[in-house]
Amino acid sequence: MVDLLPDSPFMNDVQVRGVITPETVAVVGVNFLGISERLDVLLKVCREKNLFLIEDSAQRFPPVSSNKPLADLVVLSFGRGKPINLMGGGALLYRKGCVTESMSVIGRYEVSVLAMGFTWLFKRWIFNLLLARFPFYVLEKLPGLGIGDTTFRPLGTIRRLAIPEDLLGAGLRDFQQRPAIDRLYDRELAFLDKRGWKRLGRGACESRGYDSYRRGPRYAILAPDHEARDRIKDALNSAGIGVSAFYSRTLPKIEGLEALLKEGEFPVADDFASRLLTLPCHEDVRATDVTLIADTFRELSRG
C-alpha cells in the first residue's frame, strides 16, 4: 500500500517504487469512480521492474486498456452499483501475450453457469424495486441494515461464472443508452472551481489521451474541508438526493483489515477520504435534481 498524490485518487508513484520487493509480482492501478489511474506512469514502473500491471476497472467501463495497450490484466465487475449491473459476476481480460500463462491458471477453477430461472428473475425484480428512490431512501434510514456501509468480507473460494451472452448484451446496451449525467454536472457545477472545491477527473484524463466521459457509478467532488463536505451532504440527503461520502475512511481503518494490512501512515489518503463527496449518476437522476444540487452548492459552499 502507498499513499495518494495530493487532492487526487492517484497513487504516489515514487512510493510505489519504494515498496517494491523481490516478492512483488504486480502493481494494481484502480480506476476510482470511473477516473482512470495514471496507467502510463505505472506501466513504466512495471516494465522497469518486470512486474504485471493490473487495471482494476470495476468502477469504469470500458477500461482504459481496451483501446490503449497498457495493462497486462483488466478486472471488470458486474455487481450492484457498477457501470454494468448484472447483480453479480465480472470478467478478467488478459493481454494476448499472456494467453498461455493466464489459461494455465484460470483452468484450475470450477465453472458454474448462471441460471436465469424464476428465482433469479424474482431477485432481479426485488433488486430493481429497492433501488427506486423512495424504497431506497426508506431502507437507508432503517437502523441495523448498514445500507451504503463499507465492510470487509474475506474471499473464501474462487470460481468462474458462465454468464449468458444475452444477459451481458442487455447490460451493455443499457449502459450505452444511459444518459451521461456527468456532462450535466460538469456544466452546472463549474462555478465550484472558484470556491475551493475540486471536481475530480476533469482534465486529468484528457491530458493523457483518455476519455473522461466513460461513466462511473458516482460523480466525485473534493470539498475544501471536512465540515464543508458534511454540510452539503446533510442538506442534499435531507432534500432526497442520495449523495455519499462513499468509503469515508482508508483501508487500514476498516474493521477486519487491521490484522491483514501492514502498519503505515497515509495522511494524504486520510485527508482525501475526509473531504470526498459523491453525487448519483444512475438513470433516475433528472435535470431538475442536478439543478437542485447546484442551487444547494451555491447557497452553502464557500464563496
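Counting begins at 1 with the first residue of the sequence. All of these numbers come straight from a predicted model, not from anything done at the bench.
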Colleague: Between Val268 and Leu5, is any pair of side-chain heavy atoms under 4.5 Å apart?
Modeller: no
Colleague: Checking the side chain of Arg160 only, and the main-chain atoms of Val111 only, is there a donor and an acceptor separated by less than 3.5 Å?
Modeller: no
Colleague: CG of Leu114 to CE of Met116: how many Å apart, nearest 0.5 Å?
Modeller: 7.0 Å
Colleague: Give, for atom CG of Asp271 and atom OG1 of Thr250, the distance between the pair rounded to the nearest 0.5 Å.
Modeller: 11.5 Å
Colleague: Just jot down the side chain to side chain donor-acceptor pair (under 3.5 Å) partners of Ser274, sequence neighbours excluded, or say none.
Modeller: none
Colleague: How would you list all residue pairs meeting salt bridge (charged side-chain N to carboxylate O under 4.0 Å, His left out) that involve residues 113-124, not counting sequence neighbours?
Modeller: none
Colleague: How long is the span from the CD1 atom in Ile221 to the OH atom in Tyr185, to the nearest 0.5 Å?
Modeller: 8.0 Å
Colleague: Please answer: with hydrophobic residues joined when any side-chain heavy atoms are less than 4.5 Å apart, are Ile163 and Leu121 in the same cluster?
Modeller: yes
Colleague: Are any of the side-chain nitrogens in Arg249 or Asp270 under 4.0 Å away from the carboxylate oxygens of its partner?
Modeller: no
Colleague: Are any side-chain N or O atoms of Arg229 and backbone N or O atoms of Leu276, one a donor and one an acceptor, separated by less than 3.5 Å?
Modeller: yes
Colleague: Hydrophobic clusters join Ile, Leu, Val, Met, Phe, Trp and Tyr when side-chain heavy atoms are under 4.5 Å apart, directly or via other members; which others share one with Val30?
Modeller: Val28, Phe52, Ile54, Leu73, Val75, Leu92, Tyr94, Val99, Met103, Ile106
Colleague: Keeping the roles fixed (side chain from Asn237, backbone from Val243), state whether a donor-acceptor pair exists under 3.5 Å.
Modeller: yes
Colleague: Which pair of non-hydrogen atoms, one from Asn31 and one from Ser57, has the smallest distance, and what is that distance?
Modeller: ND2-OG, 3.3 Å
Colleague: Do Leu277 and Phe297 have side chains that approach each other closer than 4.5 Å (heavy atoms only, starting at C-beta)?
Modeller: yes
Colleague: Can you pull the salt bridge (charged side-chain N to carboxylate O under 4.0 Å, His left out) pairs that have at least one residue in residues 162-175, sequence neighbours excluded?
Modeller: Asp174-Arg178
Colleague: Going by side chain to side chain donor-acceptor pair (under 3.5 Å), name the residues that satisfy it together with Ser112, two or more places apart in sequence or in a different chain.
Modeller: Arg159
Colleague: Starting at CD1 of Ile35, measure out to CG of Leu200 and round the result to the nearest 0.5 Å.
Modeller: 5.0 Å
Colleague: Rounded to the nearest 0.5 Å, how far apart are CZ of Phe61 and CD1 of Ile84?
Modeller: 4.0 Å
Colleague: With no hydrogens and no angle check, is any side-chain donor or acceptor of Ser66 less than 3.5 Å from a backbone partner on Pro62?
Modeller: no
Colleague: In the hydrophobic clustering that connects Ile, Leu, Val, Met, Phe, Trp and Tyr at side-chain heavy-atom distances below 4.5 Å, which members other than Val14 occupy its cluster, ordered by chain and number?
Modeller: none
Colleague: Flag yes if Leu155 and Val25 sit in one hydrophobic cluster, no otherwise; membership is Ile, Leu, Val, Met, Phe, Trp, Tyr, and two members link when side-chain heavy atoms are under 4.5 Å apart.
Modeller: no
Colleague: Any non-hydrogen side-chain atom of Asn12 less than 4.5 Å from a side-chain atom of Leu4?
Modeller: no
Colleague: With sequence neighbours excluded, tell me which residues meet side chain to side chain donor-acceptor pair (under 3.5 Å) with Arg95.
Modeller: Asp72
Colleague: Should Leu168 and Leu86 count as side-chain neighbours, where that means a heavy-atom distance under 4.5 Å?
Modeller: yes
Colleague: Could you name each residue pair satisfying ring pair (Phe, Tyr, Trp, His ring centres under 6.0 Å) that touches residues 64-92, not counting sequence neighbours?
Modeller: none
Colleague: Regarding Arg199 and Asp186, does a basic nitrogen lie under 4.0 Å from an acidic carboxylate oxygen?
Modeller: yes
Colleague: Nearest heavy-atom pair of Leu292 and Leu236: which atoms, and what distance?
Modeller: O-CD2, 4.5 Å
Colleague: Could you tell me which non-hydrogen atom of Arg108 sits nearest to which non-hydrogen atom of Ser104, and how far apart they are?
Modeller: NE-O, 3.5 Å
Colleague: Kindly give the heavy-atom pair with the smallest separation between Pro63 and Leu93, and that separation in Å.
Modeller: CG-CD1, 4.3 Å
Colleague: Check Met11 against Gly29 and note the closest heavy-atom contact, atom names and distance.
Modeller: CE-CA, 4.3 Å
Colleague: Kindly say whether Phe191 contributes a backbone atom to a donor-acceptor pair with the side chain of Arg298 at under 3.5 angstrom?
Modeller: no
Colleague: Applying side chain to side chain contact (heavy atoms under 4.5 Å, CB included), run through Asp289 and Ile181 and close with a yes or a no.
Modeller: CA-CA 11 Å; Asp289 299 319; Ile181 299 297; over 6 Å; no
Colleague: Considering only heavy atoms from C-beta outward, does the side chain of Thr157 approach that of Tyr109 to under 4.5 Å?
Modeller: no
Colleague: Considering only residues two or more places apart or on different chains, which pairs with a residue in residues 12-23 satisfy salt bridge (charged side-chain N to carboxylate O under 4.0 Å, His left out)?
Modeller: Asp13-Arg38, Arg17-Glu48
Colleague: Does Asp40 pair with Lys44 as a salt bridge, N-O distance under 4.0 Å?
Modeller: no
Colleague: Considering residues at least two apart in sequence or located in another chain, which fulfil the side-chain contact (heavy atoms from CB on, under 4.5 Å) criterion with Thr24?
Modeller: Ile20, Thr21, Leu51
Colleague: Within the supplied structure, the quantity of interest is the number of heavy atoms (other residues, nucleotides, ligands) at a distance under 6.0 Å from Lys233 NZ; does it exceed 12?
Modeller: yes
Colleague: Say you draw a straight line from OG1 of Thr278 to CZ of Arg218; how long is it, rounded to the nearest 0.5 Å?
Modeller: 3.5 Å
Colleague: Are Arg275 and Pro224 side-chain neighbours, meaning at least one heavy-atom pair lies under 4.5 Å?
Modeller: no
Colleague: Report yes if the side chains of Glu55 and Val64 come closer than 4.5 Å at any heavy-atom pair, otherwise no.
Modeller: yes
Colleague: Measure the shortest side-chain to side-chain distance between Arg286 and Asp284 over non-hydrogen atoms and say whether it is less than 4.5 angstrom.
Modeller: yes
Colleague: Looking only at non-hydrogen atoms, find the nearest pair between Ala220 and Leu33 and report the distance.
Modeller: CB-CD1, 3.7 Å
Colleague: Walk me through whether Leu76 and Val74 qualify under side chain to side chain contact (heavy atoms under 4.5 Å, CB included).
Modeller: CA-CA 7 Å; Leu76 302 176; Val74 178; 4.2 Å; yes
Colleague: Can you name the residues that form a ring-ring contact (aromatic ring centres under 6.0 Å, His included) with Phe272, not counting sequence neighbours?
Modeller: Phe32
Colleague: According to side chain to side chain donor-acceptor pair (under 3.5 Å), who are the partners of Asp234, at least two apart in sequence or on a separate chain?
Modeller: none
